[in-house]
Engineer: 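I'd like to ask some things about the structure below.
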Amino acid sequence: MIEIQPLRTPSNATIEVPGSKSYTNRALLVAALARGDSTLTGALFSDDTHYMCNALRKLDIRISEDRDQDSFNVTGNGGNIPVNGAELYIGNSGTTSRSLVSYVALGHGEFVIDGDEPMRRGRPITDLLNALTLLGVTARSQFENGHLPVIVRADGIEGGKTRLDASKSSQFLTSLMLIAPYAKNGMEIEVIGELKTPYIDITMSIMDAFGIKVINKDYRYFQITGGQQYVPRCYHIEPDASSASYFFAAAALTGGCVTVRHLHTDSAQGDVQFVRVLEQMGCEVSVSGKGITVRGPQQLMGIDVDMKDISDTALTLAAIAPFADSKVTIRNIEHTRWQETDRIHAMVTELRKLGVTVVEYQDGLEILPTPITPAAVDTYNDHRVAMSFSLIGLKVHGIRINNPECVSKTFPNYFEVLKVLYS
């Protein structure tokens with residue numbers, strides 16, 4: 001447990017956040033698919049990237065790392081998987097598990113992907129398995145419950161046409177797209193269900209940087225020609241916009257001024273647009289060569305916002321919402337019920353524990369301005385719950401965070417960086 005101390009004066013700080021998890025894990029897999037050496041700079045070192053690296057190493061990909069320089073060197077095998085089977089453990093990493101299920105299908109033999117209890121219980125994968133089955137891949141949930149462990153009996157991928165329901169997670173589509181160039185006949189993917197497009201923009205950005213062309217028709221149909229090869233290269237990973245959201249929110253909450261270095265609003269990361277939500281609440285946002293700066297108002301305003309495309313920041317907004325001058329409504333985030341935890345339920349439960357008046361809906365919640373009652377916040381082993389609710393402690397005495405170590409999933413030194421706000 002850790003207790004957050006309130007700021008005595010409004011924050012005025014310049015922050016550096018780690019590299020993007022979304023970019024780092026995609027780039028690691030793409031570099032493994034390329035033939036030859038790639039260097040990834042500005043990379044994230046966290047639980048999620050640790051599990052991705054360990055799994056790729058078990059599949060005979062050579063990866064060296066330099067934590068002091070935030071870099072990985074990856075020697076890819078050109079789409080070949082030399083081992084004839086492996087058991088891969090991915091912890092609680094959704095990006096790793098979903099990507100690997102498709103990747104190992106390029107090999108030959110039996111591969112098992114398993115993870116922590118939340119992955120086995122709360123994060124479905126059936127829609128991806130169904131799409132792979134249409135491509136001729138033998139892949140199933142071991143216990144037939146639509147979750148990990150997943151067994152893939154691999155014999156390469158012929159490719160062709162498939163249909164994918166991506167409404168529960170865009171990671172399913174990313175998984176197929178990343179390996180599509182190495183399917184013998186390429187891949188045509190028809191998308192059904194609502195899709196979070198910003199994460200697909202990240203996927204296409206990385207594929208393009210490594211030399212792969214994707215035909216995208218309104219995010220409903222994707223065509224990727226077979227026979228293309230990722231070209232190894234040196235690739236720089238930008239800061240994580242989701243991680244930056246906590247520090248922008250800190251400025252909003254305290255009436256302070258925070259700059260996050262090397263992050264820009266033209267990023268493919270959808271969560272960078274969280275600053276536009278803060279603008280609607282009364283914050284001033286400016287962009288320069290240095291990064292993005294948010295200056296908080298004397299009083300935050302209430303807001304009604306659709307957060308489907310930036311749902312990882314819904315928790316950040318929920319944490320500062322009780323301090324607004326009127327109701328805050330968060331809509332269209334039902335898919336977050338199938339993430340590290342049921343995030344809507346977690347927000348509602350922990351806010352009520354703090355005395356906040358909250359109305360829960362299937363796809364969102366309403367938060368009314370309410371004085372905070374000090375309490376210990378449960379984190380459900382969810383990094384975003386821990387980081388978001390810690391913000392309340394910047395304003396209110398007695399906010400304690402249980403299991404703060406869970407931030408190691410994406411931001412291991414979060415609480416150290418948070419201390420920069422006090423200086």
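FYI, side chains are in, hydrogens and waters are out, and symmetry mates aren't considered; it's all heavy atoms of this structure. From a predicted model like this one, the values you see are computed outputs, not experimental measurements.
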Engineer: Any donor-acceptor pair under 3.5 Å linking the side chain of Thr379 with the backbone of Asn402?
Structural biologist: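 Checked: pair present.
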
Engineer: For Ser38 and Arg233, indicate whether the former's side chain and the latter's backbone hold a donor-acceptor pair under 3.5 Å.
Structural biologist: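 Yes, Ser38 side chain to Arg233 backbone: donor-acceptor pair under 3.5 Å.
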
Engineer: Around atom CZ of Arg220, are there more than 12 heavy atoms of other residues, nucleotides or ligands at under 6.0 Å?
Structural biologist: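 Counting neighbours around CZ of Arg220, more than 12 heavy atoms of other residues, nucleotides or ligands fall under 6.0 Å, so yes.
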
Engineer: Give the minimum heavy-atom separation between Leu178 and Leu33, together with the two atoms involved.
Structural biologist: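 Minimum heavy-atom separation between Leu178 and Leu33: O-CD1, 3.5 Å.
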
Engineer: Is the side chain of Gln269 donor-acceptor paired with the backbone N or O of Ala241 at a distance under 3.5 Å, no angle test?
Structural biologist: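 The answer is yes, because a donor-acceptor pair under 3.5 Å joins these two groups.
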
Engineer: Is it true that Asp48 and Lys409 have a side-chain N and a carboxylate O under 4.0 angstrom from each other?
Structural biologist: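 Yes, charged N to carboxylate O under 4.0 Å.
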
Engineer: How about NZ on Lys290, more than 12 heavy atoms from neighbouring residues, nucleotides or ligands closer than 6.0 Å, or not?
Structural biologist: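 No.
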
Engineer: With no hydrogens and no angle check, is any side-chain donor or acceptor of Asp325 less than 3.5 Å from a backbone partner on Gly302?
Structural biologist: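 Answer holds: yes.
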
Engineer: Side-chain contact, heavy-atom cut-off 4.5 Å: Met387 with Leu315?
Structural biologist: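 Met387 does not reach Leu315 side chain to side chain.
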
Engineer: Which heavy atom in Ala139 sits nearest to a heavy atom in Thr133, and how many Å separate them?
Structural biologist: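 Here Ala139 and Thr133 meet closest at O-OG1, 4.2 Å.
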
Engineer: Would you check if Leu44 and Ile237 make a side-chain contact, meaning some heavy-atom pair closer than 4.5 Å?
Structural biologist: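 They are not in contact (no side-chain heavy atoms under 4.5 Å apart), so the answer is no.
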
Engineer: Does Tyr235 reach the main-chain N or O of Ala31 with its side chain, forming a donor-acceptor pair under 3.5 Å?
Structural biologist: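 Checked: no pair found.
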
Engineer: Which pairs, with at least one residue in residues 242-265 and sequence neighbours excluded, count as a salt bridge (charged side-chain N to carboxylate O under 4.0 Å, His left out)?
Structural biologist: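 For residues 242-265, and leaving out neighbouring residues, the salt bridge (charged side-chain N to carboxylate O under 4.0 Å, His left out) pairs sorted by first residue read Glu16-Arg261.
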
Engineer: Are any side-chain N or O atoms of Glu188 and backbone N or O atoms of Gly159, one a donor and one an acceptor, separated by less than 3.5 Å?
Structural biologist: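 Not a single qualifying donor-acceptor pair exists.
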
Engineer: If you measure from the Lys or Arg side-chain nitrogens to the Asp or Glu carboxylate oxygens, is any gap between Asp304 and Lys327 under 4.0 Å?
Structural biologist: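 No salt bridge links Asp304 with Lys327.
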
Engineer: Given side chains that start at C-beta, do those of Asn54 and His50 come closer than 4.5 Å, heavy atoms only?
Structural biologist: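 Yes; the side chains approach each other to less than 4.5 Å.
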
Engineer: Check for a donor-acceptor pair, side chain of Ser46 on one end and backbone N or O of Phe411 on the other, with a separation under 3.5 Å.
Structural biologist: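 Between the backbone of Phe411 and the side chain of Ser46 there is no qualifying donor-acceptor contact (under 3.5 Å).
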
Engineer: Counting only heavy atoms not in Arg57, do more than 12 sit closer than 6.0 Å to its CZ atom?
Structural biologist: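 Yes, because the 6.0 Å sphere around CZ of Arg57 holds more than 12 heavy atoms from other groups.
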
Engineer: Look up atom OG in Ser169 and atom CG in Leu164, then write down how far apart they are to the nearest 0.5 Å.
Structural biologist: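 If I round to the nearest 0.5 Å, the distance is 9.5 Å.
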
Engineer: Taking Lys21's backbone N and O only, do any of them form a donor-acceptor pair with Asp240's side chain (distance below 3.5 Å, no angle check)?
Structural biologist: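 Yes; judged by distance alone, with no hydrogens or angles, the pair exists.
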
Engineer: Applying side chain to side chain donor-acceptor pair (under 3.5 Å) to Thr316 and Ser245, what does each step give before you reach the verdict?
Structural biologist: CA-CA 7 Å; Thr316 319; Ser245 75; 3.1 Å; yes

Engineer: Going by the side-chain contact (heavy atoms from CB on, under 4.5 Å) test, name the single residue among Val359, Thr329, Ile330 that passes it with Leu365.
Structural biologist: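 Only one of Val359, Thr329, Ile330 forms a side-chain contact (heavy atoms from CB on, under 4.5 Å) with Leu365, namely Ile330.
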
Engineer: Ser71 and Asp66: side chain to side chain donor-acceptor pair (under 3.5 Å), yes or no, with the steps?
Structural biologist: CA-CA 5 Å; Ser71 69; Asp66 186 336; 4.8 Å; no

Engineer: Does any part of the side chain of Leu135, heavy atoms only, come nearer than 4.5 Å to the side chain of Leu176, both counted from C-beta?
Structural biologist: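 Counting from C-beta outward, Leu176 and Leu135 do come under 4.5 Å.
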
Engineer: Counting heavy atoms not belonging to Glu279, are there more than 12 under 6.0 Å from its CD?
Structural biologist: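 Result for CD/Glu279: enclosed.
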
Engineer: What class does the angle between the rings of Phe210 and Tyr230 fall in, given that below 30° is parallel, 30 to 60° is tilted and above 60° is perpendicular?
Structural biologist: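 Perpendicular, since the angle between the ring planes exceeds 60°.
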
Engineer: Against Val258, only a single residue in Val420, Ile15, Val294 fulfils side-chain contact (heavy atoms from CB on, under 4.5 Å); can you say which?
Structural biologist: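 Of Val420, Ile15, Val294, side-chain contact (heavy atoms from CB on, under 4.5 Å) with Val258 is met by Ile15 alone.
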
Engineer: Between Thr162 and Ala131 (side chain of the first, backbone of the second, donor and acceptor by atom type, cut-off under 3.5 Å), is there such a pair?
Structural biologist: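 Judged by distance alone, yes, a pair lies under 3.5 Å.
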
Engineer: Salt bridge or not between Glu350 and Arg384? Use side-chain N to carboxylate O under 4.0 Å.
Structural biologist: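 Judged by the 4.0 Å cut-off on N to carboxylate O distance, Glu350 and Arg384 do not form a salt bridge.
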
Engineer: Look up atom CD1 in Ile4 and atom OG in Ser390, then write down how far apart they are to the nearest 0.5 Å.
Structural biologist: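 It is 5.0 Å, given to the nearest 0.5 Å.
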
Engineer: Which residue, Asp309, Asp312, Thr95, Thr174, forms the side chain to side chain donor-acceptor pair (under 3.5 Å) with Tyr199?
Structural biologist: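 Considering Asp309, Asp312, Thr95, Thr174, a side chain to side chain donor-acceptor pair (under 3.5 Å) with Tyr199 is found only for Asp312.
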
Engineer: Would the distance check show the side chain of Ser97 and the main-chain N or O of Gly94 forming a donor-acceptor pair, the cut-off being under 3.5 Å?
Structural biologist: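 Yes; judged by distance alone, with no hydrogens or angles, the pair exists.
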
Engineer: Between the side chains of Ser311 and Thr336, does any donor sit under 3.5 Å from an acceptor?
Structural biologist: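 No, no side-chain donor-acceptor contact under 3.5 Å.
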
Engineer: Find the distance between CG (Asp114) and CE (Met119) and round it off to the nearest 0.5 Å.
Structural biologist: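 Output value for this atom pair is 9.5 Å.
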
Engineer: Is the shortest side-chain heavy-atom distance between Glu238 and His236 below 4.5 Å?
Structural biologist: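 The answer is no, as the side chains (C-beta and beyond) never meet within the 4.5 Å cut-off.
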
Engineer: Heavy-atom count check: over 12 atoms from other residues, nucleotides or ligands less than 6.0 Å from Arg337 CZ?
Structural biologist: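 Result for CZ/Arg337: enclosed.
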
Engineer: Scan side-chain atoms only and decide if Glu334 and Tyr361 contain a donor-acceptor pair under the 3.5 Å cut-off.
Structural biologist: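 No, no side-chain donor-acceptor pair sits under 3.5 Å.
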
Engineer: Decide side chain to side chain donor-acceptor pair (under 3.5 Å) for Asp201 and Tyr219; before the verdict, give the C-alpha distance in whole Å, the side-chain angles of both, and the deciding distance to 0.1 Å.
Structural biologist: CA-CA 10 Å; Asp201 290 337; Tyr219 297 94; 2.5 Å; yes

Engineer: Determine whether more than 12 heavy atoms belonging to other residues, nucleotides or ligands lie under 6.0 Å from atom CD of Glu284.
Structural biologist: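 No, because the 6.0 Å sphere around CD of Glu284 holds 12 heavy atoms or fewer from other groups.
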
Engineer: Which pair of heavy atoms, one from Leu128 and one from Ser175, lies closest together, and at what distance?
Structural biologist: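 Heavy atoms of Leu128 and Ser175 come nearest at CD2-OG, 3.8 Å.
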
Engineer: Between Tyr414 and Tyr246, how do the two ring planes meet: parallel, tilted or perpendicular, split at 30° and 60°?
Structural biologist: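 Tyr414 vs Tyr246 ring planes: perpendicular.
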
Engineer: Does Tyr23 reach the side chain of Ser205, with side-chain heavy atoms less than 4.5 Å apart?
Structural biologist: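 Yes; the side chains approach each other to less than 4.5 Å.
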
Engineer: Are the side chains of Asn403 and Glu405 in touch, meaning some heavy atoms are under 4.5 Å apart?
Structural biologist: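 They are in contact (side-chain heavy atoms under 4.5 Å apart), so the answer is yes.
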
Engineer: Any side-chain heavy-atom pair from Asn381 and Glu340 closer than 4.5 angstrom?
Structural biologist: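 Counting from C-beta outward, Asn381 and Glu340 never come under 4.5 Å.
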
